[in-house]
Colleague: 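The following block contains the structure, expressed as C-alpha cells.
All heavy atoms count here, side chains included; hydrogens, waters and symmetry mates do not. Remember, predicted model here, so these are calculated numbers, not experimental data.
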Amino acid sequence: MDSLITAAAHALAAGDPLVALKHVALRDDPAALALRGIAMAQLGDLARAKLLLRSAARAFGPREAVARARCIIAEAEIALVSRDLTASAKPLADARDLLEARGDARNAAHARCVDVRRLLLIGQLDEAERALAGIDANRLPPALCAARELAAAGIALRRLQADAAHAALVRAATAAQQARIPALVAEVAAAAQVLQVPAARLVARDTERTLRLADVQALLASDTFVVDACRHLIRHAGTTVTLATRPVLFALAHRLAAAWPHDTQREDLIREAFRTRYSDDSHRARLRVEIGRLRAALKPIAGVRATPRGFTLVPHRARDVVVLERPVDEKHAAVLALLADGESWSSSALALALGASQRTVQRSLDALAATGKAHAFGRGRAQRWTMPPLPGFATALLLPGPLPGD
C-alpha cells in the first residue's frame with residue numbers, strides 16, 4: 001500500500017475527510033475509490049459515496065476479497081444512515097464472516113456494530129442484543145468502542161433501562177474522547193441529553209407532571225398501577241397486559257384510569273371508545289360487551305365494577321393508579337419520534353421500523369405535512385421525509401419495544 005493511500009486511511013480514521021481527499025481525490029484505482037467513497041460519506045454526500053464504493057468493489061480483483069468485503073460493509077453503513085432498511089442483510093453478514101475468517105477482527109467488529117444499529121432501528125431488540133454480545137469491547141479501538149457503547153445505550157433506552165443507558169453513555173464518552181474525533185464526541189453528547197429531557201407525562205387525580213426516563217423506570221418498578229398510553233400497555237407488580245391491538249379496550253381502560261378513584265359515566269365511555277357524540281341502546285349494549293372483554297383482559301391485576309352512573313376501575317392490590325401519557329400531545333407521535341433523528345426516511349423504512357403498514361404511515365406523513373411538521377423531497381420511490389430534530393422530549397417511549405421484565 002503506497003504512502004498516499006496510507007495517509008488517506010489514517011485521516012479518515014481520525015474523522016478528517018478533507019485531508020483524506022487531498023491525498024486521493026484525483027486517483028481512480030480501487031483503493032482510492034474506496035477511500036474517496038468513505039470520505040464523501042463522512043461529508044454527507046451519501047449518493048456519491050455509494051457510487052464510489054460500488055465502483056471500488058467491482059474494481060477489486062478476485063484475490064482482493066478482503067478489500068471488497070470492506071467496501072460492502074461501508075456501503076451497508078451508508079444504507080443505514082440513508083435509512084434504506086429494506087436491503088438484504090446477507091451481504092453484510094457474508095462480508096463479516098469473510099473478514100473474521102481472514103483475521104480482520106477490527107472491520108468484522110465494525111460490521112457487527114452496523115448490524116446492531118440496523119436491528120435497533122427496526123425494533124428487533126433481542127436480535128440486536130445478541131449481536132452486540134458478539135463484539136468484544138476490550139479488543140476494539142476507541143472509535144469502534146464508542147460506537148458499540150452507543151448501540152448498547154440505544155438498546156437500554158428502548159427497554160427503558162435508564163441506569164444501563166447512562167453507564168453505556170459514560171463508557172462511550174470516554175472512548176470518544178480517546179478517539180479524538182469531534183463528530184463522535186458530539187454524537188455521544190447529543191445521545192446523553194436524552195436522559196435529561198422529558199420522556200413522558202404522568203397524569204393522576206387531575207394533576208400532571210413530566211417524567212424523565214429514569215423516573216419512568218422507577219415508576220414501572222413500583223407497586224403503582226400504570227396505564228401506559230405511549231405503548232398501550234397496562235402494568236402492575238411485574239404483570240403486563242398488552243392492548244396495543246385492541247384500541248377499544250385500551251380507550252376504556254385509559255378513561256377509567258384517568259377518573260380513578262371515581263367512576264366514569266357510561267356516556268363518557270361510549271364517547272371515548274366508540275368516537276361518537278350520540279348514544280342509544282345499541283351503544284350501551286356494545287359498551288357492556290366491551291366492558292366484559294376488558295374485565296377478562298385485566299383479570300390478573302384489576303377488576304371493573306358497575307356503578308349507578310357507569311363503571312369504575314378496581315385494582316386488586318395497587319394503592320394508586322396513574323396514566324403515562326406521551327411527552328407531546330400528537331396523534332402521529334411515533335412517526336415524529338423516528339423523523340426526529342434528523343435523517344431522511346422513506347415511507348417504507350418508517351413502516352418497517354414501526355411495524356405498521358405503508359399506507360398507514362403514508363396517511364400519518366400526509367397529516368404531518370399538512371401541519372408543517374414533516375417535509376418531503378423527491379418523487380416516487382426516491383421520495384424522502386424529514387424534519388428538524390424536535391427539542392425538549394425523548395422518543396424512547398414512542399418507539400416499538402418491550403418494557404422491562406417483558
Colleague: Is the side chain of R201 donor-acceptor paired with the backbone N or O of R326 at a distance under 3.5 Å, no angle test?
Modeller: yes

Colleague: Using a strict threshold of under 4.0 Å (side-chain N to carboxylate O), is an ion pair present between D126 and R159?
Modeller: yes

Colleague: Counting only N and O atoms by type, is there a donor-acceptor contact under 3.5 Å from the side chain of R235 to the main-chain atoms of A221?
Modeller: no

Colleague: Run the side chain to side chain donor-acceptor pair (under 3.5 Å) test on S348 and Q358 for me, step by step, so that the C-alpha distance in whole Å, both residues' side-chain angles and the decisive distance to 0.1 Å come before the verdict.
Modeller: CA-CA 6 Å; S348 59; Q358 192 167 342; 4.9 Å; no

Colleague: Side chains of H283 and E267 only: does a donor on one sit below 3.5 Å from an acceptor on the other?
Modeller: no

Colleague: R319 vs F225, test: side chain to side chain contact (heavy atoms under 4.5 Å, CB included). Steps then yes/no.
Modeller: CA-CA 8 Å; R319 296 182 178 180; F225 189 98; over 6 Å; no

Colleague: Could you grab the distance from atom CG of D268 to atom CD of E272, nearest 0.5 Å is fine?
Modeller: 8.5 Å

Colleague: Evaluate the criterion side chain to side chain contact (heavy atoms under 4.5 Å, CB included) for residue pair R117 and L150; output intermediate values, then yes/no.
Modeller: CA-CA 9 Å; R117 289 164 57 195; L150 278 173; over 6 Å; no

Colleague: Do any N or O atoms from the side chain of R148 and from the backbone of I135 form a donor-acceptor pair under 3.5 angstrom?
Modeller: yes

Colleague: First locate atom NE2 of H316, then atom CD1 of I301, and finally report the distance between them rounded to the nearest 0.5 Å.
Modeller: 8.0 Å

Colleague: Working note: L252 + R293, criterion side chain to side chain contact (heavy atoms under 4.5 Å, CB included); need CA distance, chi angles, decisive distance, verdict.
Modeller: CA-CA 11 Å; L252 292 172; R293 291 171 177 166; over 6 Å; no

Colleague: Hey, can you tell me if H232 and F250 have their rings parallel, tilted or perpendicular (30° and 60° cut-offs)?
Modeller: parallel

Colleague: Does R158 use its side chain to pair, donor to acceptor, with the backbone of L120 at less than 3.5 Å?
Modeller: yes

Colleague: Under 3.5 Å, side chain of H375 to main-chain N/O of A369, donor-acceptor pair present?
Modeller: no

Colleague: Judged by atom type as modelled, is there a donor-acceptor pair below 3.5 Å linking the side chain of R295 to the main-chain atoms of V304?
Modeller: yes

Colleague: Under a 4.0 Å N-O cut-off, is there an ion pair linking R112 with E100?
Modeller: yes

Colleague: Hey, can you pull the donor-acceptor pairs under 3.5 Å for the side chains in residues 29-40, sequence neighbours left out?
Modeller:
residue: D29; atom: OD1; partner: R27; partner atom: NE; Å: 3.0
residue: D29; atom: OD1; partner: R27; partner atom: NH2; Å: 3.4
residue: D29; atom: OD2; partner: R27; partner atom: NH2; Å: 3.4
residue: D29; atom: OD2; partner: A32; partner atom: N; Å: 3.3
residue: R36; atom: NH1; partner: R27; partner atom: O; Å: 2.9
residue: R36; atom: NH1; partner: D28; partner atom: OD1; Å: 3.0

Colleague: With side chain to side chain contact (heavy atoms under 4.5 Å, CB included) as the criterion, how do L298 and L313 come out once you've worked through the C-alpha distance, each side chain's angles and the decisive distance to 0.1 Å?
Modeller: CA-CA 10 Å; L298 297 183; L313 184 68; 4.0 Å; yes

Colleague: Counting only N and O atoms by type, is there a donor-acceptor contact under 3.5 Å from the side chain of R255 to the main-chain atoms of L269?
Modeller: no

